[in-house]
Structures are given as C-alpha cells and as structure tokens.
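Here the structure comes first, spelled out in structure tokens, and everything after it is commentary.
Both ligands and their constituent atoms are indexed starting at 1 by order of listing.
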Amino acid sequence: MHACPTLLLLFLLVLSLLLPSASPMNSAPPLPPPPIFSFGVIADIQYAPVPDGSSFSGVPRYYRSALDSTLSAASSWKSIRPNPLSFAINLGDTIDGLAASPSATQHQPALASLSEVMSALATFPNPTYSVYGNHELYALNRSEIKTHLKIPMQVEADNQMVGYYTIRPALGWKFVFVDTYDECVMGRTGSKLAKAEFLLSSNNPNFDRGDINSPEGLEGTDRRWVAFNGGVGSTQLDWIESELIASRSASERVVMLAHQPFHPDSSNPMCLPHNYEALLNLTDSFSSTVVATFSGHTHSSGYALGSAGVHHVVFDAVLESEPGVDTYSVVRVYDDRMVIEGFGDQRSYELEINSTCRR
Ligand SMILES: *[C@@H]1O[C@H](CO)[C@@H](O)[C@H](O)[C@H]1NC(C)=O
Ligand SMILES: *[C@@H]1O[C@H](CO)[C@@H](O)[C@H](O)[C@H]1NC(C)=O
Ligand SMILES: *[C@@H]1O[C@H](CO)[C@@H](O)[C@H](O)[C@H]1NC(C)=O
C-alpha cells in the first residue's frame with residue numbers, strides 16, 4: 001500500500017518528460033497587461049530668469065534650472081515605450097512671481113518666461129493640461145492665463161473668469177480640474193474679492209496688519225488663512241457636484257486636480273484652500289466615483305488616504321530640486337491600481353483602486 005504514492009509520482013514524472021510541455025521553456029513569459037492609459041505630471045516649475053534664492057523657510061530655489069528640468073521631463077515623457085504617454089498634467093505655479101520683476105529686461109517679462117516653459121513642455125508632442133496657482137496670479141491676469149496656459153475659463157457674474165473644466169482621458173475615466181483661486185485676493189474685484197478679504201480678515205489677525213501671507217500665531221489647519229491661498233465659490237462647487245453625479249450615473253471613475261491640496265494630512269495644512277472642507281465633503285460623498293486627487297503647491301511629495309478611501313497625492317516641486325535633479329512623474333492607470341513612478345525628488349506610489357471604484 002505504501003509504495004503506491006511513490007509509483008504514482010514516478011509515473012507522473014516519466015509522463016511529464018515524455019509529453020510536450022503546455023508552455024515551452026523557450027517562449028517569453030506573457031507580457032503584463034498594458035495600462036488603460038498613462039500620463040506625465042509636473043508641479044511648481046516656478047521658472048524665472050533670476051539668480052537662485054530660497055523660500056521663506058530657507059529651502060533653496062533654483063529658478064533658472066527649473067526650465068532645464070522641465071525640458072528633461074518633456075523629453076523623458078516623449079521617449080516612454082512601449083505604452084506611450086497620451087498627455088501631461090501641469091499642476092500650476094508654472095512661472096514664479098519674480099518673472100514679472102522690473103529687473104527683467106523684456107517688454108512683458110512674465111509672458112516671455114511663461115512662453116519659454118510652454119515651449120519646453122511642448123517638446124512632448126501630446127497635450128499638456130494645466131491648472132494655475134498663486135504665482136501665475138502675481139504676474140498675469142486670468143485672460144492671459146486662459147490664452148497662454150490654455151486653461152478654459154468659465155465667465156461668472158461680474159465678468160469674473162474661473163478656470164474649471166474636465167477631460168476624458170479614456171473610456172470610463174474623467175479628470176475634473178478645480179480652480180481653488182476662484183475666491184482670492186489676487187486679480188479679483190467685486191464679490192469674490194470681498195468674500196476672500198472677509199474670510200482672511202476674520203480668521204487671521206495678521207491680515208489687517210498688512211502681513212497678508214503670514215500664518216504666525218495660527219495653529220494646524222487655521223494656518224491656511226493666508227493670502228497665497230484661495231477658495232472655491234458656490235457656482236464652481238455646484239458644477240463639481242453635478243459632474244460627480246453624472247460620473248456616478250455613468251459608472252465613470254474620477255480624478256480631481258487642483259493647484260492646492262485637498263486633504264490636511266497630505267501636505268502642510270498651511271497650503272489648504274480656504275474652504276477645503278467643502279471639497280473633501282464632495283470627494284468623500286462620491287468615494288465610489290472619486291479615486292484620487294492630485295495637487296502641488298506644497299513643494300514636497302505627500303500622500304494621505306482619506307477616511308472614505310480616496311487617495312490624496314501631492315506632487316513635489318521642480319523648483320526646489322538641485323540642478324541636475326529633474327523632478328516629475330509618470331502615472332500608469334490600470335483597472336485595479338494607479339502606479340505613480342516618481343523621478344528626481346518625487347516619491348513613487350502604488351494606489352489601490354477598490355472594486356467599488358472599478359467599472
Ligand atoms: C490682462 O492684461 C492684458 C495685457 O497683457 C490687458 O490687455 C487686458 O486688458 C487685461 N485683462 C483684464 C481682464 O484685466
Ligand atoms: C457637507 O455636505 C453636507 C451634505 O451635503 C452639508 O450639509 C454640509 O454643509 C457640507 N459641509 C461643508 C463644510 O461644506
Ligand atoms: C481597499 O480595500 C481593502 C480591503 O477591504 C482596504 O484594506 C483598503 O484600505 C481599501 N483601499 C482603499 C483605497 O479604499
């Protein structure tokens with residue numbers, strides 16, 4: 001009786017040597033399934049033709065080298081094979097406010113700098129979709145931002161332009177670009193300016209003292225009440241909600257993108273939009289539709305998993321990477337995960353897409 005299993009094994013071994021194998025040893029292993037789509041991401045280029053400097057907290061800033069890094073990013077994106085990138089995302093602060101400084105020699109120095117960055121990005125042949133940040137607003141008006149960054153602008157009451165729009169990168173996917181400088185003190189008049197001034201003045205005593213960008217004396221998320229941040233107005237919030245309702249009905253998955261981060265734990269809370277709770281409310285109410293949010297503004301890689309399961313990713317800045325270090329990302333989207341491959345100072349992440357968010 002005890003010999004039987006041994007005989008059986010021997011029989012199977014001989015059989016396996018005689019029969020042709022189902023998967024011959026000399027054929028290549030099957031290729032992993034390709035991504036549904038892939039794209040590049042870059043944030044906070046902040047190019048200006050001025051000498052190196054440093055941030056308020058002393059982090060070095062390489063204003064000129066940011067242009068070289070942008071060119072390297074575009075060239076890398078262009079060469080990605082076998083699954084080429086179909087587009088790129090620019091998360092704002094494309095030029096630094098210093099590009100508009102009177103020491104610059106050109107007639108319209110900020111536009112000249114922006115045009116250099118856009119030309120660098122355009123060496124990647126597919127479209128780049130942008131949001132704008134506080135630094136564009138230090139140097140340009142929204143009509144110039146619309147024309148030169150190619151950001152579609154909605155025209156709201158009092159002729160105020162607000163830059164929110166969507167793209168569909170693949171069947172079943174929608175990207176919702178959010179303008180968190182809808183209500184802010186840069187380049188605004190009328191009710192949008194009044195609202196931002198009221199909020200800043202009521203929440204930050206430094207504002208009325210003229211120190212509008214100082215969070216001194218404020219704690220935690222209250223540090224967001226500074227003038228370099230902005231908020232999202234009610235018309236835009238209603239529009240975002242209607243886009244999310246439509247995507248939920250169509251079983252689409254959504255990525256929301258803005259210059260400023262959505263979640264307090266994904267970044268320095270000083271960088272949050274004034275009414276970030278309203279945005280988080282939306283991502284969390286639609287957590288079976290919204291897979292992730294992407295932002296910049298903070299200048300360092302950051303990540304938080306929200307309580308409803310939405311991934312919040314903050315991308316590193318080009319500006320603060322040493323010359324020769326090119327900071328950008330390549331994102332590959334699969335049915336069950338989103339893989340962010342970071343280059344330079346950018347961290348890499350693999351984000352799970354749970355079945356509730358799958359089609
Ligand atoms: C924006 O700036 C341009 C100059 O580049 C000017 O012609 C235009 O009137 C400005 N637009 C607004 C809305 O202020
Ligand atoms: C969050 O959404 C709920 C339900 O729509 C609403 O009652 C609440 O006011 C919202 N909170 C914020 C901060 O927007
Ligand atoms: C997905 O589901 C797993 C298991 O239920 C859970 O551990 C994980 O946190 C979820 N991820 C997200 C992004 O919701």
Side-chain angles (χ1 to χ4, degrees), residues 42 44-50 63-64 66-67 70 90-122 127-166 177-201 207 210 212-213 226-240 257-260 273-275 296-297 319:
I42 197 161
D44 296 273
I45 299 168
Q46 279 184 239
Y47 168 64
V50 301
Y63 297 103
R64 281 201 173 91
L67 185 60
T70 305
N90 161 28
L91 287 168
D93 281 3
T94 314
I95 52 169
D96 194 274
L98 290 173
S101 70
S103 63
T105 49
Q106 297 95 335
H107 177 52
Q108 287 181 303
L111 279 182
S113 292
L114 181 61
S115 139
E116 286 187 81
V117 181
M118 297 312 277
S119 301
L121 288 171
T128 295
Y129 301 100
S130 299
V131 293
Y132 68 91
N134 46 311
H135 274 275
E136 276 92 355
L137 291 173
Y138 299 147
L140 305 165
N141 66 36
R142 285 179 182 77
S143 145
E144 294 168 315
I145 290 171
K146 173 186 173 177
T147 306
H148 299 281
L149 275 161
K150 300 184 174 62
I151 297 180
M153 292 277 178
Q154 313 303 316
V155 180
E156 296 189 1
D158 297 333
N159 249 348
Q160 303 283 298
M161 292 187 187
V162 193
Y164 48 90
Y165 65 105
T166 64
F177 294 85
V178 172
D179 184 349
T180 62
Y181 292 93
D182 178 346
E183 294 177 340
C184 73
V185 297
M186 285 87 75
R188 284 299 189 212
T189 56
S191 60
K192 288 186 187 292
L193 176 63
K195 171 99 171 282
E197 283 179 336
F198 172 77
L199 287 172
L200 288 167
S201 169
F207 186 76
I212 63 172
N213 283 320
V226 284
F228 58 73
N229 294 327
V232 179
S234 59
T235 304
Q236 186 183 175
L237 284 173
D238 290 347
W239 171 84
I240 297 170
L257 308 96
H259 181 62
Q260 295 186 252
H274 293 154
N275 59 344
H297 193 45
L319 175 70

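- Between the side chains of Tyr138 and Asp96, no donor N or O sits under 3.5 Å from an acceptor N or O.
- Residues passing the side-chain hydrogen bond (donor to acceptor under 3.5 Å, both in side chains) test with Asp44 are His299, sequence neighbours excluded.
- With sequence neighbours excluded, no residue forms a side-chain hydrogen bond (donor to acceptor under 3.5 Å, both in side chains) with Ser191.
- For Thr94, the side-chain hydrogen bond (donor to acceptor under 3.5 Å, both in side chains) partners at least two apart in sequence or on another chain are Asn90, Glu136.
- Every protein residue with a heavy atom nearer than 4.0 Å to ligand 1 is included here: Gln108, Asn141, Glu144.
- Using a 4.5 Å cut-off on side-chain heavy atoms (C-beta onward), Arg142 and Arg188 make contact.
- For Asn159, the CG atom sits in a loose shell: 12 or fewer heavy atoms of surrounding residues, nucleotides or ligands are nearer than 6.0 Å.
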